[in-house]
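When reading the values below, keep in mind they use all heavy atoms of this one structure, side chains included, and skip hydrogens, waters and symmetry mates. By convention here, the first residue in the shown sequence is residue 1.
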Amino acid sequence: MRKTRITPEHFGDVYRQFNASISKYDCGRKCAPLNGGQPVCCTTGHAIPVVHKSEYQLLKSRTDLWYDYKPNDATSRKIVKELPRNSCAIECKGAAFCERDNRTIACRAFPFFPYYNKQGEMLGLSVYWTFEDRCWMIYRLDLAEPAFVKEMAAAFEKIFAFDPEELENMKSHSASARRVHSRWNRPIPIIGRDDGKLYKVMPRTHELRPAKPSDFKAQGAYKSEAAYKRAVKEAGGTLGPEPKGGYLAP
């Protein structure tokens with residue numbers, strides 16, 4: 001396999017290119033009441049940011065926001081131990097100190113990853129299914145901004161051009177998505193990279209079909225407004241005002 005070294009300068013280019021917000025709504029306001037007031041994606045108890053060492057080198061030259069992540073249990077130690085040699089786990093000072101221009105690629109993209117079909121074609125963006133019980137955005141893919149979808153797809157293609165191994169890793173992750181959703185007998189959600197429309201990959205035939213939000217059933221606290229309010233109460237959180245149009249899918 002061709003190996004090309006990706007540099008901090010390459011990541012700097014990607015950062016400048018990939019700045020669009022996922023949605024006009026602040027999705028962190030939905031999950032924060034269930035997570036001690038902090039967005040799920042901004043706490044290492046749920047999501048440990050993993051970066052290429054060249055990306056970390058870039059960040060350290062720009063800010064003091066990030067520092068080495070220290071595993072604190074068996075699960076996190078296993079995650080760090082199994083990282084590729086060119087990657088590392090890091091942690092930031094927290095959501096309250098976020099510097100938008102110094103977010104990692106992982107932060108900018110969460111909860112999405114570029115989905116590749118069996119033929120090696122990027123169809124668009126799918127979601128990390130392991131977070132479906134914690135991330136509200138997974139159930140409101142219709143709210144993803146077209147600019148975000150296009151910028152993320154282009155950003156990852158630029159990264160893959162300089163890091164072919166990472167492309168293979170993403171193709172492997174897409175194959176894992178097919179296996180998992182096949183066992184669940186549930187379609188894989190996809191946001192089309194070119195048109196930003198919602199699609200679904202059928203788990204056994206791999207056919208790509210148009211979809212609507214109701215094709216992807218919400219889980220846990222997000223399955224209904226009543227379930228959400230109950231979960232917030234149980235978590236000791238505080239409900240904030242909802243944006244116009246609401247948070248939850250009809």
Side-chain angles (χ1 to χ4, degrees), residues 3-22 26-28 31-32 34-114 125-131 134-135 137-138 148 151-152 154-170 172-173 176:
K3 293 185 178 181
T4 305
R5 183 175 182 271
I6 190 166
T7 67
E9 290 72 27
H10 292 140
F11 279 106
D13 290 341
V14 173
Y15 278 18
R16 286 186 287 272
Q17 171 188 348
F18 184 19
N19 267 314
S21 297
I22 289 180
D26 182 358
C27 54
C31 64
L34 300 169
N35 189 48
Q38 298 293 316
V40 164
C41 58
C42 296
T43 51
T44 55
H46 293 287
I48 301 171
V50 174
V51 298
H52 194 285
K53 289 180 179 178
S54 290
E55 183 179 5
Y56 193 22
Q57 186 177 342
L58 170 70
L59 287 167
K60 287 190 289 187
S61 73
R62 293 163 54 124
T63 180
D64 63 356
L65 177 66
W66 296 92
Y67 53 92
D68 295 351
Y69 170 73
K70 303 298 183 184
N72 54 19
D73 58 25
T75 299
S76 59
R77 285 192 289 271
K78 183 174 186 293
I79 290 172
V80 171
K81 183 178 179 180
E82 294 178 350
L83 290 177
R85 286 186 297 177
N86 64 0
S87 299
C88 58
I90 63 177
E91 186 172 0
C92 74
K93 295 178 181 179
F97 303 94
C98 184
E99 299 170 9
R100 182 170 179 80
D101 289 341
N102 291 319
R103 293 169 299 149
T104 67
I105 298 299
C107 293
R108 296 168 197 238
F110 188 89
F112 297 98
F113 70 91
L125 310 184
S126 190
V127 293
Y128 289 108
W129 58 91
T130 55
F131 292 97
R134 286 159 283 174
C135 179
M137 190 66 196
I138 287 176
F148 169 81
E151 287 187 16
M152 178 174 164
F156 272 87
E157 285 190 325
K158 180 171 287 188
I159 291 171
F160 296 153
F162 291 102
D163 190 352
E165 289 186 11
E166 186 58 27
L167 171 59
E168 293 307 311
N169 290 338
M170 201 56 64
S172 177
H173 190 72
S176 295

Which pair of heavy atoms, one from [X] and one from [Y], lies closest together, and at what distance?
| X | Y | answer |
| --- | --- | --- |
| N35 | V40 | ND2-CA, 3.7 Å |
| W129 | S176 | CH2-C, 4.0 Å |
| E151 | N19 | OE1-N, 2.8 Å |
| G12 | L58 | N-CD2, 3.5 Å |
| M152 | L125 | SD-CD1, 3.7 Å |
| R100 | S21 | NH2-OG, 3.1 Å |

Rounded to the nearest 0.5 Å, what separation is found between the [atom1] atom of [X] and the [atom2] atom of [Y]?
| X | Y | atom1 | atom2 | value |
| --- | --- | --- | --- | --- |
| E55 | W66 | CD | CH2 | 8.5 Å |
| C42 | F110 | SG | CZ | 9.0 Å |
| H52 | C88 | NE2 | SG | 9.5 Å |
| I90 | T44 | CD1 | OG1 | 11.5 Å |
| K78 | L83 | NZ | CG | 11.0 Å |
| E91 | I48 | CD | CD1 | 8.5 Å |

Looking at [Y], is its backbone amide N or carbonyl O close enough to the side chain of [X] to form a donor-acceptor pair, meaning the two atoms are under 3.5 Å apart?
| X | Y | value |
| --- | --- | --- |
| Y56 | D68 | yes |
| Q38 | T43 | no |
| S87 | V50 | no |

Parallel, tilted or perpendicular: ring planes of F11 versus Y15, cut at 30 and 60 degrees: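 It falls in the perpendicular class, over 60°.
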
For the residue pair Y128 and F113, does the interplanar ring angle fall in the parallel (under 30°), tilted (30 to 60°) or perpendicular (over 60°) class?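 The rings of Y128 and F113 sit tilted, inter-plane angle from 30° to 60°.
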
Any heavy-atom pair between the side chains of K81 and P71 that's under 4.5 Å?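 No; the side chains remain at least 4.5 Å from each other.
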
Do the non-hydrogen side-chain atoms of P39 and D26 ever get within less than 4.5 Å of each other? no

Can L59 and T104 be said to form a side chain to side chain contact (heavy atoms under 4.5 Å, CB included), step by step? CA-CA 8 Å; L59 287 167; T104 67; 3.7 Å; yes

Take H10 and T7 through the side-chain hydrogen bond (donor to acceptor under 3.5 Å, both in side chains) test and state the conclusion after the steps. CA-CA 5 Å; H10 292 140; T7 67; 3.2 Å; yes

Above 12 or not: heavy atoms from other molecules or residues under 6.0 Å from OH of Y67? yes

Please test S76 against D73 for side-chain hydrogen bond (donor to acceptor under 3.5 Å, both in side chains), starting from the C-alpha separation and ending with a verdict. CA-CA 6 Å; S76 59; D73 58 25; 2.7 Å; yes

Side chains of E99 and T63: do they bring a donor and an acceptor to under 3.5 Å? yes

Could you check D163 against N86 for side chain to side chain contact (heavy atoms under 4.5 Å, CB included), going step by step and ending with a plain yes or no? CA-CA 11 Å; D163 190 352; N86 64 0; 4.1 Å; yes

Give a yes or no on whether the ring-centroid distance for F148 and F18 is below 6.0 angstrom. yes

Passes side chain to side chain contact (heavy atoms under 4.5 Å, CB included), C98 versus R103? Steps please. CA-CA 8 Å; C98 184; R103 293 169 299 149; 3.9 Å; yes

Could you check R62 against D101 for side chain to side chain contact (heavy atoms under 4.5 Å, CB included), going step by step and ending with a plain yes or no? CA-CA 10 Å; R62 293 163 54 124; D101 289 341; 4.0 Å; yes

